[in-house]
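The analysis underlying the following values was restricted to heavy atoms, covering all of them including side chains, and did not include hydrogens, waters or symmetry mates. All ligand and atom numbering here is 1-based and tracks the order in the structure.
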Amino acid sequence: MRLIDTHCHIDLDAFDEDREDVIQRALDAGVSNMLVIGFEPVRWKAAESLAEQCSIIKVAAGLHPNSASQYSPELLESIAEQLQRPEVLAIGETGIDLYWDDAPLDVQQEAFRSQVALARDLGVPFIVHQRDAETEVLEVLESFGPPLNGVLHCFTGDWQYAQRILALGMHIGLGGAVTFKSRTDLHDAATRIPLDRMVLETDSPFMAPVPHRGKRNEPSYVRNVADRLAELRQESLEVIARGTTENAQQLFPGIDSERKL
Ligand SMILES: [Zn+2]
């Protein structure tokens, strides 16, 4: 059985003390590959150097909505330059976050639109972050229209919202939130999303799934997400693992490349 963690931040200093152990535990839990999301320029380098050290790690480079005040046309160009590196597979994470609200909405929207447009021009997938901004995120995505080659990560919406995302041709990233007891809307969506449109993620060190909730999250816990999905969907763990791994391979070509970079 293989699992792919399509969204984690093990470049962050929360893992400085034991990063190698964390990677080993992931391998032991069946995690064959992971995508480390470099969410602003200083993180790109950190993520890329991890990928250089460890062949199961690949990278996304982008500008997080909470960092959107760093946005400029030059920055967009340097994202495009990162994409020329073989270990950098995607643009992200981008999107809109009105919970932290660290940058004005119009700045977040411009940074988001530009990164989606760049991903489309370069023919690479993109990763969307959404928090307290379901309407605003859909507005941008729907202005591009289908087919969009991307994933809405850390999905926390209901089935109605999932359908709008699926209609755009996008994938849906499911993580720790599906293990939280109170999220019945999300449970309902998670049982209805077609298996060929979902990918697994942890968002480590954030959003730890039950039974690790409230602690530091790590890629090995993607197994807890897969287990809960299997339970909710009344499918076997093997079916969930095979389906989501194939989707991750299709969405992020090269994610399982063993090639030494
Ligand atoms: Zn993230």
Side-chain angles (χ1 to χ4, degrees), residues 3-15 19 22-23 26 31 33-48 50-51 57-71 79 82 87-103 108 111-112 115-116 119 124-134 136-137 141 150-157 165 170-180 186 198-209 212-213 215-222 224-225 244 248 251-252 255:
L3 299 167
I4 295 184
D5 184 355
T6 60
H7 195 116
C8 65
H9 300 282
I10 61 164
D11 57 304
L12 294 178
D13 56 12
F15 297 100
R19 190 170 287 107
V22 165
I23 293 169
V31 178
N33 304 94
M34 51 182 98
L35 194 64
V36 175
I37 314 297
F39 57 71
E40 60 183 12
V42 292
R43 306 308 324 165
W44 303 343
K45 297 285 157 241
E48 288 162 6
L50 281 184
I57 293 176
K58 298 292 182 295
V59 174
L63 189 66
H64 194 286
N66 294 349
S67 305
S69 50
Q70 296 176 37
Y71 177 75
I79 294 176
Q82 299 305 306
E87 73 273 31
V88 182
L89 306 182
I91 293 179
E93 54 197 290
T94 177
I96 299 178
D97 189 321
L98 298 178
Y99 177 82
W100 292 110
D101 211 13
D102 285 341
Q108 295 192 42
F112 183 23
Q115 289 178 82
V116 174
V124 298
F126 61 91
I127 298 150
V128 178
H129 168 105
Q130 180 284 121
R131 192 159 180 195
D132 286 0
E134 283 197 341
E136 291 79 1
V137 160
L141 293 173
V151 57
L152 179 63
H153 111 88
C154 191
F155 184 78
T156 53
I165 297 298
M170 292 178 63
H171 283 69
I172 291 181
L174 295 168
V178 299
T179 69
F180 301 167
L186 173 57
M198 57 169 67
V199 292
L200 303 180
E201 63 168 69
T202 59
D203 207 12
S204 308
F206 315 109
M207 289 292 276
H212 310 286
R213 195 173 179 182
K215 304 199 191 103
R216 184 189 70 171
N217 197 1
E218 62 172 63
S220 65
Y221 299 167
V222 77
N224 299 100
V225 177
T244 56
L251 182 61
F252 301 113
I255 196 165

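For the side chain to side chain donor-acceptor pair (under 3.5 Å) criterion with Asp97, the lone passing option out of His129, His64, Gln130 is His129.
Inclusion of His7 in the first shell of the Zn ion (ligand 1) is supported: an N, O or S atom falls under 2.8 Å. Among the backbone and side-chain atoms of His153, none of the N, O or S atoms lies under 2.8 Å from the Zn ion (ligand 1).
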Side chain to side chain contact (heavy atoms under 4.5 Å, CB included) assessment of Val116 paired with Phe112: CA-CA 6 Å; Val116 174; Phe112 183 23; 3.5 Å; yes
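Listed by chain and residue number, Thr202 satisfy the side-chain hydrogen bond (donor to acceptor under 3.5 Å, both in side chains) test with Ser204 (two or more places apart in sequence, or in another chain). For the salt bridge (Lys or Arg N to Asp or Glu O under 4.0 Å) test, residues two or more places apart in sequence or in another chain that qualify with Arg216 are Asp18, Glu218.
Taking the Zn ion (ligand 1) as the corner point, the angle from His9 atom NE2 to Glu93 atom OE2 is about 100° (rounded to 10 degrees).
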